[in-house]
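Worksheet for the structure shown next.
Just follow the structure's listing: the first ligand is 1, and inside any ligand the first atom is 1. A quick note: this is a predicted structure, and the numbers were derived from the prediction, not measured.
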Amino acid sequence: MKFDYLIVGAGFAGAVMAERLASVLNKKVLVIDKRNHIAGNAFDERNEYDIMIHKYGPHLFHTNSEMVFSYLSMFTDWYKYEHRVLAFSDGELYQIPINKNTLNKVFNLSLATDREVSDFLDAIREKRYPILNSEDVIVNQVGSTLFEKFFKSYTLKQWQREPKELSASVCGRIPVRTNEDDRYFTDRFQYMPSDGYTKMFERILSHENITVELNKDFFELESDLKFDNLIYTGPIDKFYGYRFGKLPYRSLRFEYKSYEKEFYQPVSQVNYVDPDVDFTRVVEYKHITNPKSKYTTIACEFSQSDGEPFYPVPSDDTRHLYMKYRDIALKERRVKFCGRLAEYQYFNMDQVVANTLKVFKQIANE
Ligand code: FAD
Ligand code: UDP
């Protein structure tokens with residue numbers, strides 16, 4: 001059989017592109033994934049205790065884009081969920097992002113108004129200009145004591161790089177608040193798909209023009225497979241045989257434990273920000289996916305360089321290397337690169353959806 005499009009990867013980029021090509025342009029699409037499931041890193045499944053687990057780490061959907069939210073809403077209902085995170089340091093739990101409560105607890109203060117908090121931050125921040133990296137962005141907002149306590153070691157554990165060796169956008173993802181808002185995100189839309197991500201992906205991919213084949217690696221495809229165009233959502237350096245050198249990625253290892261108790265920790269996610277603990281964070285899925293189970297399951301995350309690529313590493317040197325790949329990628333006429341690994345960007349799910357819809361529009365206008 002001949003396909004109009006071969007799509008490599010059944011994650012957000014691959015699935016959304018397949019759905020648009022199939023339903024809007026009436027194209028015949030083959031989606032392959034080397035894993036044994038769809039949904040990419042957003043894959044979720046129920047464990048033996050009937051708790052929905054995200055196999056590749058917690059995926060919280062949040063966006064300010066009405067367009068992205070309404071697009072995905074064609075394939076799922078949602079339930080409201082606002083993520084909350086605590087940082088564990090020196091035996092105490094602190095609200096993260098840093099807010100008024102965090103400052104009062106760390107410095108034993110009783111700051112009351114937003115104004116008092118911003119005056120205090122002005123007194124402790126160390127002005128940096130220009131903001132060139134992840135150390136600058138935090139120290140410039142909250143000074144070095146809070147940077148050392150909450151960011152320095154956690155970042156080193158997660159990235160195996162000092163914050164000053166990472167783009168400002170990495171730690172710059174985390175805001176600083178002068179009020180008591182302890183939500184991790186403030187986006188307009190913060191919801192979880194009612195039946196989980198995998199079910200949503202099943203519906204996205206259920207079009208009659210779409211064929212999905214799992215356990216199929218693009219680099220081991222039979223040569224008789226016929227297609228006119230290619231959408232590639234895997235690592236871009238691998239596509240080009242690492243000809244300019246390997247791009248670094250961070251991966252994770254998860255250790256699961258289950259307990260017969262209602263909850264293990266007060267919120268879904270506790271970040272272990274001190275250097276003496278090996279893992280980065282502990283995620284308790286029951287808070288997120290809210291099952292009625294009398295058990296609870298936690299996942300400890302250990303960051304590592306080997307293993308499946310999960311995170312691109314945003315920095316000047318990696319950007320430079322990525323641009324070499326991007327230059328040749330832009331010259332391809334029948335291949336488009338889409339998604340977090342193919343574009344080597346620290347994208348959230350909504351950004352991948354928005355970008356894929358944009359690339360689809362370009363294709364539709366070609
Ligand atoms: P992926 O989901 O990685 O899909 C790419 C697919 O391509 C994979 O399934 C892979 O198996 C397949 N593939 C690669 N190479 C080949 C090949 N050679 N042949 C066949 N198939 C191949 N985003 C949020 O918005 N909120 C969050 O809370 C959030 N939390 C996250 C937590 C973690 C631990 C991680 C790692 C990511 C998180 N993200 C989150 C980001 C989110 O996972 C990504 O934005 C999104 O999944 C990227 O979609 P994608 O299609 O680009 O890539
Ligand atoms: N970060 C940190 N301490 C925290 C939370 C975040 O140092 O308590 C830094 C760290 O470098 C992390 C980055 O900010 O990798 C982005 O955090 P986020 O929670 O967005 O990471 P993700 O959920 O993508 O792993």
Side-chain angles (χ1 to χ4, degrees), residues 6-17 31-43 54-63 68 83 85-89 94-98 102 134 137-138 146-147 149-159 161 163 166 169-174 184-185 187 190 192 197 201 213-221 231-236 238-239 249-252 254 268-273 280-281 283 288 299 301 303 308-314 337-343 345-353 355-356:
L6 171 67
I7 299 188
V8 179
F12 269 99
V16 168
M17 185 61 89
V31 181
I32 60 166
D33 204 297
K34 66 183 165 80
R35 292 173 173 169
N36 65 359
H37 59 73
I38 57 171
N41 285 342
F43 177 73
H54 299 175
K55 186 172 177 186
Y56 304 98
H59 278 68
L60 304 321
F61 184 79
H62 57 101
T63 189
V68 167
H83 196 48
V85 175
L86 295 171
F88 183 79
S89 173
Y94 300 89
Q95 293 178 354
I96 286 285
I98 292 171
T102 319
S134 270
V137 78
I138 300 300
L146 293 172
F147 165 74
K149 188 172 182 68
F150 293 119
F151 288 89
K152 194 172 159 62
S153 306
Y154 186 95
T155 298
L156 193 56
K157 274 196 275 188
Q158 167 72 8
W159 301 96
R161 288 186 180 215
L166 290 163
S169 60
V170 175
C171 290
R173 286 162 66 92
I174 315 300
Y184 208 56
F185 311 110
D187 299 50
Q190 302 188 46
M192 293 292 290
Y197 289 99
F201 273 77
E213 289 187 16
L214 300 175
N215 302 305
K216 242 192 173 36
D217 192 321
F218 173 65
F219 299 103
E220 293 161 16
L221 276 185
I231 308 286
Y232 179 82
T233 77
I236 190 167
K238 182 156 191 204
F239 185 87
Y249 299 90
R250 296 301 291 166
S251 190
L252 298 173
F254 304 96
S268 334
Q269 184 179 322
V270 176
N271 291 352
Y272 284 77
V273 294
T280 49
R281 58 190 183 187
V283 174
I288 304 171
E301 288 186 16
S303 176
E308 289 206 61
F310 288 166
Y311 293 85
V313 180
F337 295 83
C338 245
R340 177 150 145 147
L341 302 173
E343 296 176 82
Q345 300 261 357
Y346 191 179
F347 280 147
N348 290 324
M349 296 180 281
D350 64 321
Q351 295 170 299
V352 171
V353 174
N355 223 31
T356 305

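Which parts of ligand 1 touch Leu252 is read off a 4.0 Å heavy-atom cut-off, strictly below it: atoms 34 (C). Counting the atoms of ligand 2 from 1 in the order shown, those under 4.0 Å from a heavy atom of Thr155 are 7 (O), 9 (C), 10 (C), 11 (O). Residue Asp217 has at least one heavy-atom neighbour below 4.0 Å for each of these atoms of ligand 1: 17 (C), 18 (N), 19 (N). Near Arg281, with a cut-off below 4.0 Å to any heavy atom, the atoms of ligand 2 are 22 (P), 23 (O), 25 (O). Near Tyr56, with a cut-off below 4.0 Å to any heavy atom, the atoms of ligand 1 are 33 (C), 34 (C). Residue contact check: Tyr311 has heavy atoms under 4.0 Å from atoms 33 (C), 34 (C) of ligand 1.
At the top of the distance list for atom 30 (N) of ligand 1, counting protein heavy atoms only, stands Pro58 O, 2.9 Å. Closest to atom 23 (N) of ligand 1 among all protein heavy atoms lies Met349 N, 3.3 Å. Distance from atom 8 (O) of ligand 2 to its nearest protein heavy atom, with residue and atom name: Asn271 ND2, 3.0 Å. Atom 16 (C) of ligand 1 has Lys34 CE, 3.6 Å as its closest protein atom, hydrogens excluded (heavy atom only). Among protein heavy atoms, the minimum distance from atom 36 (C) of ligand 1 is reached at Phe310 CB, 3.5 Å.
For atom 10 (C) of ligand 1, the candidate residues are Leu60, Asp33, Thr280; the nearest heavy-atom contact is made by Asp33. Atom 18 (P) of ligand 2 has its nearest heavy-atom neighbour, among Tyr184, Phe151, Phe185, Trp159, in Tyr184. For the residues Met17, His62, His59, the heavy atom positioned nearest atom 43 (O) of ligand 1 is part of His59.
Under the salt bridge (Lys or Arg N to Asp or Glu O under 4.0 Å) criterion, Arg340 pairs with no residue, sequence neighbours left out. Scanning for ring pair (Phe, Tyr, Trp, His ring centres under 6.0 Å) contacts around His83 gives Tyr81, Tyr184, with sequence neighbours left out.
Taking a 4.0 Å cut-off on heavy atoms, His37 fails to register as neighbouring ligand 1.
Residue contacts with ligand 2, taken as heavy atom pairs separated by less than 4.0 Å, involve Phe150 solely via the backbone atoms N, CA, C and O. Contact annotation for Ala342 and ligand 1: no heavy atom of the residue comes within less than 4.0 Å of the ligand. Both the backbone and the side chain of Asn41 come within 4.0 Å of ligand 1, judged by heavy-atom distances. Residue contacts with ligand 1 for Lys216 involve N, CA, C or O but no side-chain atom from C-beta outward (heavy atoms, distance under 4.0 Å).
Taking the ring centre of Tyr346 as origin, the terminal cationic atom of Arg173 falls inside the region bounded by 6.0 Å and 45° from the ring axis.
Aromatic ring centroids of Phe12 and Phe201 lie under 6.0 Å apart.
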